[in-house]
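Read the structure below first, then the notes.
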Amino acid sequence: MQLRIGKPARRQTEADRTATADAEETATPELARRVRDCAIAGGQQSGNPDPARARFAEAVSTLLTAYAEAAASPKQAAELLGPDGRWAAAHPELFEALLQTGRAAAAVGTDDLRRLALRVTDTLLGVRAGSRAGWRLRARVLESLGEDAEAVRALEKYLALCSADDHGTGARIDGLRASRDRLGECLDLLRELHPTAPARAAGAGRSDLWAEGLALREAGEPAAAAERMTAALIVMTDERRPFGELGDALTEIVDLLTEHPPAGGPPPLRLLAAWAEHRRLADREPAPAPLLGGARVIGLSDLRNQLAGRSICLVANSRRVAEGSMGTRIDDYDLVVRFNSFRIDPPATGSRTDIHATIHKHNFNWDVPVTTRLVFGGRASAWQHSVRRRLVPGAQRHVGDRSLRWPVREIGRLTEEEWPTIPTSGFNMLWLLDFLDVSTRIDLIGFDFYASGAYRLPGAMKLPITSVHGYQRERDWVMARARHTDEMRTALR
């Protein structure tokens, strides 16, 4: 018998395997690739005690459940993985789960998970280009990665989709651009200090120049070190390296020149001023400081002195107030407190506002002149950011400090077990007045806890009466302390 010997099978090379993998990757639908990426990253967090990583793993678990439910049958799976991207409209819960996973990934703060969050926004915006949440997340991730130019473009996309700039996006765009301008100013000043740096940068590699600079610094030659590091920064700028990378390099050079001023003279003050402004703008948008316009930051004891021996009324943003005729009586109190998006109709609501108590998230009435503005917020960082951004210079004589940020939780120490719902602005203010107990009268006007509906500024009427607040619990608290009640007024003192 004659054996037929065919050609020997060709050994698959690494290039072949890579090409095959790339082809398989391209053939895999975008959504499936992204869910797979999230699943792999989520699995890597197993057992990690870090709360942010645990929240990311939990978000991935929710995403996988939503994905499995959306692909429960072969027909559904085919629709889900189709090329036209209709899954976002057919399965909004899956879109939301993927968005929340991207947010959780970005919150961990590592570059690998930030990059994952960026790929998540690619997928989200690929099927829903008008997603404001998608563009906002993308801008946040790009900014954290130091990609300021791309972050600005994402912020502009987000802003174009918004009817109002409630989050100060325009100011953030201006801040990022101004920060880059200050960085350019710093680089010009460094060129003046080190005139040989541009020539040294020509044709050189940034890594080699930076390594030379570090070596010279260690060798006790700070002037030569600063010149090499400046040359490296010039190369990095020409290569359009990420904004954050440029800022970090600039900071190292400024630190070196501060510790070892050029020619043994004073520190380069113009450079330090430009660098400080660059850092300030990079961290937050250009906004007036709270003390501008003569405002004074007050704490708990200062507020107590303002309230002592005076009658005070708290006016609800309710339809009951709007349909009443309490205006003159309201204005007769020593102090009038209004909340958030309050609306003025003098015959019904009165015309005076002495204290504006507002949640930090909303942008209503911050420009209304008042004696004191108290800004409430649960997260210290978000509260601080809002105060910096929203406070209008000259619109208040006093503004509450951190000690007045979240009275029920921070002063009263009421835990989520003791008070499980998020306290409203009205309840935070009311609890604070009851705690201080220095007012001759404390009256609540029109507090029916939205039973009659809301009465707010037109732009705020679309805001839902959210279920995260425990209105019934707050009502019970009030009624347990009430000394008098009628259709319009509840007296606590």
Side-chain angles (χ1 to χ4, degrees), residues 166-168 284-285 287-317 333-342 352-414 419 422-439 442-444 447 456-457 460 469 474 477 492-493:
D166 290 339
H167 293 285
R284 60 180 185 270
E285 61 274 9
L291 293 178
L292 289 179
R296 175 173 169 254
V297 178
I298 63 171
L300 187 62
S301 60
D302 299 306
L303 181 64
R304 183 184 185 281
N305 293 336
Q306 284 188 22
L307 303 174
R310 309 180 77 180
S311 63
I312 188 168
C313 73
L314 294 80
V315 184
N317 299 340
Y333 286 83
D334 294 328
L335 296 172
V336 178
V337 182
R338 302 187 195 272
F339 302 97
N340 298 317
S341 55
F342 69 84
R352 281 180 37 234
T353 305
D354 300 291
I355 299 174
H356 178 212
T358 183
I359 190 68
H360 76 91
K361 295 181 178 180
H362 294 161
N363 201 31
F364 302 109
N365 289 320
W366 289 67
D367 58 341
V368 174
V370 295
T371 301
T372 300
R373 201 170 312 275
L374 299 179
V375 183
F376 298 136
R379 290 178 53 212
S381 59
W383 172 86
Q384 184 178 38
H385 180 74
S386 290
V387 170
R388 286 187 184 130
R389 177 159 54 85
R390 300 185 193 277
L391 208 65
V392 177
Q396 55 281 312
R397 288 165 51 197
H398 308 102
V399 61
D401 70 1
R402 284 177 177 271
S403 69
L404 298 172
R405 172 180 62 82
W406 206 226
V408 171
R409 301 284 194 221
E410 298 298 318
I411 299 174
R413 299 298 179 186
L414 294 182
W419 195 275
I422 297 175
T424 62
S425 298
F427 186 66
N428 268 300
M429 187 71 212
L430 181 57
W431 184 93
L432 191 56
L433 294 174
D434 185 69
F435 170 78
L436 290 171
D437 194 22
V438 293
S439 302
I442 302 176
D443 287 352
L444 284 69
F447 271 71
R456 304 163 170 159
L457 289 174
H469 301 304
E474 293 184 3
W477 187 96
L492 298 192
R493 296 289 186 277

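For reference, positions follow the sequence shown, starting with 1.
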(request) Please name the residue in the list I355, T358, L314 that meets the side chain to side chain contact (heavy atoms under 4.5 Å, CB included) test with F339. (result) L314
(message) Using 0.5 Å steps for rounding, measure from the CG atom of L436 to the CG atom of L307.
(response) 6.0 Å
(request) List in chain and number order the residues that pass side-chain contact (heavy atoms from CB on, under 4.5 Å) with N305, two or more places apart in sequence or in another chain; answer none if no residue qualifies. (result) none
(request) Would you check if the side chain of N340 reaches a backbone N or O of I359 as a donor-acceptor pair within less than 3.5 Å? (result) yes
(request) List for me each residue that meets side-chain hydrogen bond (donor to acceptor under 3.5 Å, both in side chains) alongside T353, sequence neighbours excluded, and say none if there are none. (result) R338
(request) Can you sort out the partners of S386 under side-chain hydrogen bond (donor to acceptor under 3.5 Å, both in side chains), two or more places apart, ordered by chain and number? (result) H360
(message) So which atom in H362 and which in R390 form the shortest heavy-atom distance, rounded to 0.1 Å?
(response) O-CD, 3.7 Å
(message) Could you tell me if the side chain of L391 sits less than 4.5 Å from the side chain of W366, heavy atoms only?
(response) yes
(request) Measure from the side-chain N and O atoms of N428 to the backbone N and O of V408, and report whether any donor-acceptor pair falls under 3.5 Å. (result) yes
(request) Output the distance between atom CG (L492) and atom CH2 (W477), rounded to the nearest 0.5 Å. (result) 6.5 Å
(request) Might you work through the side chain to side chain contact (heavy atoms under 4.5 Å, CB included) test for L374 and M429, ending with a clear yes or no? (result) CA-CA 9 Å; L374 299 179; M429 187 71 212; 3.6 Å; yes
(request) Could you verify whether a donor N or O on one side chain and an acceptor N or O on the other, from H356 and Q396, lie under 3.5 Å apart? (result) no
(request) Any salt bridge (Lys or Arg N to Asp or Glu O under 4.0 Å) involving residues 366-387? Give me the pairs, sequence neighbours left out, ordered by first then second residue. (result) none
(request) With sequence neighbours excluded, tell me which residues meet ring pair (Phe, Tyr, Trp, His ring centres under 6.0 Å) with F376. (result) none
(request) Kindly indicate, with the supporting measurements, whether the criterion side chain to side chain contact (heavy atoms under 4.5 Å, CB included) is fulfilled by L432 and L300. (result) CA-CA 9 Å; L432 191 56; L300 187 62; 3.8 Å; yes
(message) For a quick test of reading the model, state the closest non-hydrogen atom pair linking A357 to S425 and the distance between them.
(response) O-CB, 4.3 Å
(message) Run the salt bridge (charged side-chain N to carboxylate O under 4.0 Å, His left out) test against R405 and tell me which residues pass, sequence neighbours left out.
(response) E410
(message) Test of understanding: with salt bridge (charged side-chain N to carboxylate O under 4.0 Å, His left out), list the residues that count as partners of D437, not counting sequence neighbours.
(response) R493
(message) Distance check, rounded to the nearest 0.5 Å: I298 atom CD1 versus T372 atom OG1?
(response) 4.5 Å
(message) Any non-hydrogen side-chain atom of T424 less than 4.5 Å from a side-chain atom of E474?
(response) yes
(message) Does R409 have more than 12 heavy atoms from other residues, nucleotides or ligands lying within 6.0 Å of its CZ?
(response) yes
(request) Over all heavy atoms of both residues, which pair between S403 and G299 is shortest? Give the atoms and the distance, please. (result) OG-CA, 3.7 Å
(request) Test side chain to side chain contact (heavy atoms under 4.5 Å, CB included) on L430 and F447 and set out the steps. (result) CA-CA 11 Å; L430 181 57; F447 271 71; 5.7 Å; no
(message) Checking R352 now: which residues fulfil side-chain hydrogen bond (donor to acceptor under 3.5 Å, both in side chains) with it, not counting sequence neighbours?
(response) D354
(message) To the closest 0.5 Å, what do you measure between CG (D334) and SG (C313)?
(response) 10.0 Å
(request) Work out which heavy atom in P423 is nearest to a heavy atom in W406; give both atom names and the distance. (result) O-CH2, 3.8 Å
(request) Kindly indicate, with the supporting measurements, whether the criterion side chain to side chain contact (heavy atoms under 4.5 Å, CB included) is fulfilled by W431 and W419. (result) CA-CA 13 Å; W431 184 93; W419 195 275; over 6 Å; no
(request) For D443, enumerate each residue passing the salt bridge (charged side-chain N to carboxylate O under 4.0 Å, His left out) test, keeping only those at least two apart in sequence or located in another chain. (result) R441, R489
(message) Please enumerate all residues that pass side-chain hydrogen bond (donor to acceptor under 3.5 Å, both in side chains) together with T371, with sequence neighbours excluded.
(response) none
